[in-house]
Visitor: 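Questions regarding the structure given below will be posed in turn.
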Amino acid sequence: MLSPELRMMMAAGAVATATAPSAPGAELETVELFADDFSTYPLAYGIRIGSWRMMTRHFAWRSPRYKVLEHQMPLEIAEREGRRFLQQPDALFNVVIQAGEPLWRDYALEVELAVSNGPAGPIVRYQTNRRNYFVCFEAGQPVKLYRRDQDDHILLAVGDPGVFVAEADRLYRCRVTCDGSRLGVAVDGQPVIDVEDSTYTFGQIALRTEGPARFTAVKVLAERAEADRVAAEQKRTTDRAAKAARETPRPGLIHTVALPGKRGRAAGVHDVNDDGGLEILAYCQQESGPFQGSARLCVLDWQGKLLWALEPYAEREEWRPSPVLLNVADVDGDGRTEVIATRGLELLILEGATGRIKQRTPHPVDYLGDRRNPKHARAPIFFAHVCNLRGLPTPRDLVVKDEYTNLWAYTDEFQPLWHRHLNTGHTVRACDINGDGKDEVMGGYSVLKPDGVTLWTVPGGNPDYNFHTPPPWPPLAAAKHPVTVGSPPEPSVEHNDRFIIGPLGPGPDAPLRVAVAASDLGFLLLDVEGRPLAHHRVGHAQWICAGRFRPDLPGRQMVVGTLWGNSNILNLLDCEGNLLRVREPNIGPPMPLYWLGGEHALMLTATGCYNHHLERVFDLPGSLVPPYAHDVNGDGLDEMLVVAGDQLQVYAPEGVTATYRPPRTTLTNFHVGSDMYR
C-alpha cells in the first residue's frame with residue numbers, strides 16, 4: 001500500500017507526460033561501479049545484507065513473520081526459478097535499503113524488479129532517505145519519477161501509458177540514467193521517461209518498497225572518466241577523514257570499576273554523600289537468590305566498594321526498582337543530597353549518604369486506572385524532575401511523569417500540588433521563563449504555569465493525545481491529509497520527543513529559547529512565549545542537543561537526529577534555527593563532548609564520535625551511560641563513561657591539556673532520556 005504522504009502527492013494535480021529519450025545510456029562505457037544479484041547470501045533474514053544497509057524503520061511495521069519489525073530488516077533473500085531475489089513480502093510502507101557511494105554523480109542503475117501491486121522501485125542520487133529521486137512502479141500504472149524533498153514527493157514525470165503499464169508480479173528490467181541534470185528511465189530497453197532536474201547532482205542508490213516487491217541483478221555503470229573521478233574523490237575523502245581521526249585525541253582508559261551483579265543496567269555519577277567527590281550510582285542485576293535477574297540500586301565508591309543499596313521488595317519478586325527514575329538533588333532544603341527513586345509501588349526520597357528512606361508515597365493513580373495493579377509495577381513511572389513551583393529559596397518540588405499520559409506535581413514531602421493528563425512525550429523540564437521566581441513546566445507540547453494551568457501549546461502540536469497506538473490506525477479528523485485505515489497517520493504530531501530550554505545565542509544576555517525535537521512535526525525553535533522562530537520538516541525528530549560545535553559561529557549549535565520512518569539522519573543547525581548541514585551517518589542520539597581542550601565540542605553518539613563535518617573520528621569502547629560526558633576528575637576536560645560487561649570504564653583524551661573550561665553537565669535532573677545542553 002502506498003504511504004499516505006506519497007499517495008497524496010500522486011493524487012495532487014495533473015502532471016504532463018514526459019517525452020521519451022533516445023536510447024538513454026547507450027554512450028556509456030560499461031565500467032561497473034557496483035553489482036549484486038543476491039546469489040551469495042543465505043536464505044535468511046538479517047539486519048544487514050552484504051553492503052546494503054537498512055535506512056528506515058517504524059514501530060507500526062507488523063508481519064506474520066515477526067511481531068515487531070522495528071529493529072529488524074523486513075526484507076529477505078528468496079529464491080524463484082533458480083534465481084535469488086531481495087524480497088519484501090509484506091504490505092509495509094516506506095521500506096528503504098541503500099548501497100553504493102555518496103560521491104557517485106553520473107551513472108546508470110540497472111535492476112530487475114517485480115511488484116505485487118506496488119508501489120516500489122529503485123532510487124538514484126540518494127542523499128538521505130528523505131532527499132532522493134524515486135522511480136515508482138505500481139501494477140496497472142505507468143512508471144512515475146518523483147523527487148523526494150523531506151515530506152514532499154514532487155512528481156517530475158509520468159511515462160506514456162501507451163508505451164508501458166506495469167503488470168503485477170511480472171519481472172521487468174529497469175535502467176535509470178543520471179547524466180548531469182538529465183534523468184532517464186527505460187523499461188525492457190524501451191525509453192519511458194526523460195526529464196531535466198538539477199536538485200540532486202550526486203548520491204547513492206537504494207531500493208524502496210511500499211508493498212510486496214522483489215529485486216535482483218542490480219548494477220551501477222559509469223563512464224571511465226566518472227569512475228576515475230569517483231576513485232580520486234573517495235581517496236581524498238578517506239585521507240581527509242583519516243587525518244581528522246589522527247588529529248583527534250584517542251580515548252585512553254584511566255579507571256575501571258567492577259559493578260556488583262551480573263551486569264549494570266544503568267549507571268551514573270553524582271556527589272551523593274556530600275564529601276566533595278563523585279560516587280557511582282548503578283542499577284545492577286542480582287546474580288542469585290529468589291530475585292535473580294531483578295535490579296537493585298547500588299551506590300559505590302571509585303574502588304568499587306558498595307556504600308549502600310536499595311533492595312527490591314522481598315515479598316514481591318516482580319516489583320523492581322525502575323532503572324529510569326533516578327534523580328539526585330537536595331530536594332528538601334536541608335543542605336544534604338537526596339536520591340529520588342522508585343521501587344515497586346512506591347516513589348522514594350532517600351538520604352544520599354546512607355540510603356535511608358526519608359519520604360515515601362504510593363505511585364499515583366492515572367486516568368486509565370490504578371497503577372498499583374502489579375502488572376504495571378515493573379516501570380510505571382519514567383522519572384521525577386526537581387523544580388521550584390512554590391517560589392521557595394531553593395527547588396523543593398517534584399514533577400513526576402509516566403510514559404506518555406500524565407504529570408503529577410508534589411512537594412518535597414509528597415503532598416500533591418496538581419495533576420494533568422497530557423500528551424507528555426518522553427521528557428519534562430522546568431524553568432523560570434518569565435523571571436517571577438517560580439518554574440514553568442514543559443510537558444510534551446504544553447508549557448504549564450507553576451499551578452499546572454496551560455500557559456501555551458506548541459503550534460500544530462496536540463496537547464492531549466499522541467498517535468503511538470497499534471494499527472489499524474484510526475482516521476484522523478484533524479489530519480492535514482486524509483488517512484487510510486491500515487496506514488500510519490502521516491503526517492501526525494506524535495509527541496514531543498526531546499527538547500531544550502536555554503540561551504542559544506552569544507553573550508550573557510542571550511534570550512531563552514525552546515528547541516524541540518517534535519516527532520513528525522520535525523524541528524521547532526520557539527521563544528518563551530510560544531512564538532515559532534524556525535521550523536524544519538526533517539522527519540521524525542527524536543533527539544536534540546546543543547553545544548559549541550562550531551567556534552566560528554556565534555552561540556551554540558543544535559544537532560537534531562531522526563528515528564521512526566526516515567531514520568538515521570543528523571541535522572546541524574545554528575543558534576537561530578538555520579539548517580547548516582544534513583548527513584545520514586546512522587549514529588543514534590548525539591551529545592556534546594568537550595574533548596579537545598578548547599571551546600570546540602565533538603559530537604558523541606551511541607556508536608562513535610564525530611566532528612562538526614560529521615566525520616567519524618573514533619569508535620566507542622563500550623555502551624555509554626549517563627551522564628555520558630562529564631569532567632569526572634576536575635581537569636577541565638570531559639571524560640566518557642561507558643559500561644562494558646560488568647565494568648564501568650572511564651576514558652579520557654590522551655595528551656590534552658585544557659585551555660578552556662566548558663560548561664559542566666548538570667547532574668540534577670539528568671536522566672537516561674536527557675538532552676544535552678552545554
Visitor: Keeping Q359 on the side-chain end and I357 on the backbone end, is there a donor-acceptor pair under 3.5 Å?
Guide: no
Visitor: Could you check whether any side-chain N or O of K401 sits under 3.5 Å from a backbone N or O of G425, counting only pairs where one atom can act as donor and the other as acceptor?
Guide: yes
Visitor: Show the nearest heavy-atom pair for residues A629 and L593, with the distance to one decimal.
Guide: CB-CD1, 3.7 Å
Visitor: If I compare all heavy atoms of M442 with all of V514, which pair ends up nearest, and what's the gap?
Guide: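 Here M442 and V514 meet closest at SD-CG1, 3.7 Å.
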Visitor: Are the side chain of N273 and the backbone of A353 linked by a donor-acceptor contact shorter than 3.5 Å?
Guide: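 It does not hold such a pair.
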Visitor: So does R550 get a backbone contact from the side chain of R548, meaning a donor-acceptor N/O pair under 3.5 Å?
Guide: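 Yes; at least one donor-acceptor contact below 3.5 Å.
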Visitor: Got a donor-acceptor contact below 3.5 angstrom from the D638 side chain to the W595 backbone?
Guide: no
Visitor: Going by an N to O cut-off under 4.0 Å, is there a salt bridge joining K305 and D301?
Guide: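 Here K305 does not pair with D301 in a salt bridge, since their nearest N and O are not under 4.0 Å apart.
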Visitor: Counting distance only, does the side-chain N/O of D497 pair as donor-acceptor with the main-chain N or O of A517 below 3.5 Å?
Guide: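 Between the backbone of A517 and the side chain of D497 there is no qualifying donor-acceptor contact (under 3.5 Å).
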Visitor: Work out which heavy atom in A518 is nearest to a heavy atom in L524; give both atom names and the distance.
Guide: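 Scanning both residues, the minimum pair turns out to be CB-CD1, 3.9 Å.
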Visitor: So, does H536 use its side chain to make a donor-acceptor pair with the main chain of G577 at under 3.5 Å?
Guide: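 It does hold such a pair.
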Visitor: Angle between ring planes, W564 versus H540, binned at 30° and 60°: parallel, tilted or perpendicular?
Guide: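 Ring orientation, 0 to 90° scale: perpendicular.
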Visitor: Just by modelled atom types, is the I569 backbone N or O under 3.5 Å from a matching donor or acceptor in the T562 side chain?
Guide: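 Answer holds: yes.
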Visitor: Where is the tightest heavy-atom contact between C431 and I501, given as atom of each residue plus distance?
Guide: SG-CG2, 3.9 Å
Visitor: Which heavy-atom pair separates V642 from Y651 by the least distance, and what is that distance?
Guide: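 Looks like CG2-CE1, 3.6 Å.
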Visitor: Rounded at 0.5 Å granularity, tell me how far CG in L526 sits from NE2 in H535.
Guide: 9.5 Å
Visitor: Here's a test for you: under side chain to side chain donor-acceptor pair (under 3.5 Å), which of D451, D412, D439 qualifies with R390?
Guide: D412
Visitor: Just by modelled atom types, is the F499 backbone N or O under 3.5 Å from a matching donor or acceptor in the R429 side chain?
Guide: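 At least one qualifying donor-acceptor pair exists.
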Visitor: Can you see which heavy atom on D274 is nearest to which on R336, and at what distance?
Guide: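 Taking D274 first and R336 second, the nearest heavy atoms are OD2-CA, 3.5 Å.
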Visitor: Mark yes or no for whether W308, through its side chain, and G352, through its backbone, hold a donor-acceptor pair below 3.5 Å.
Guide: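 Such a contact is found between W308 side chain and G352 backbone.
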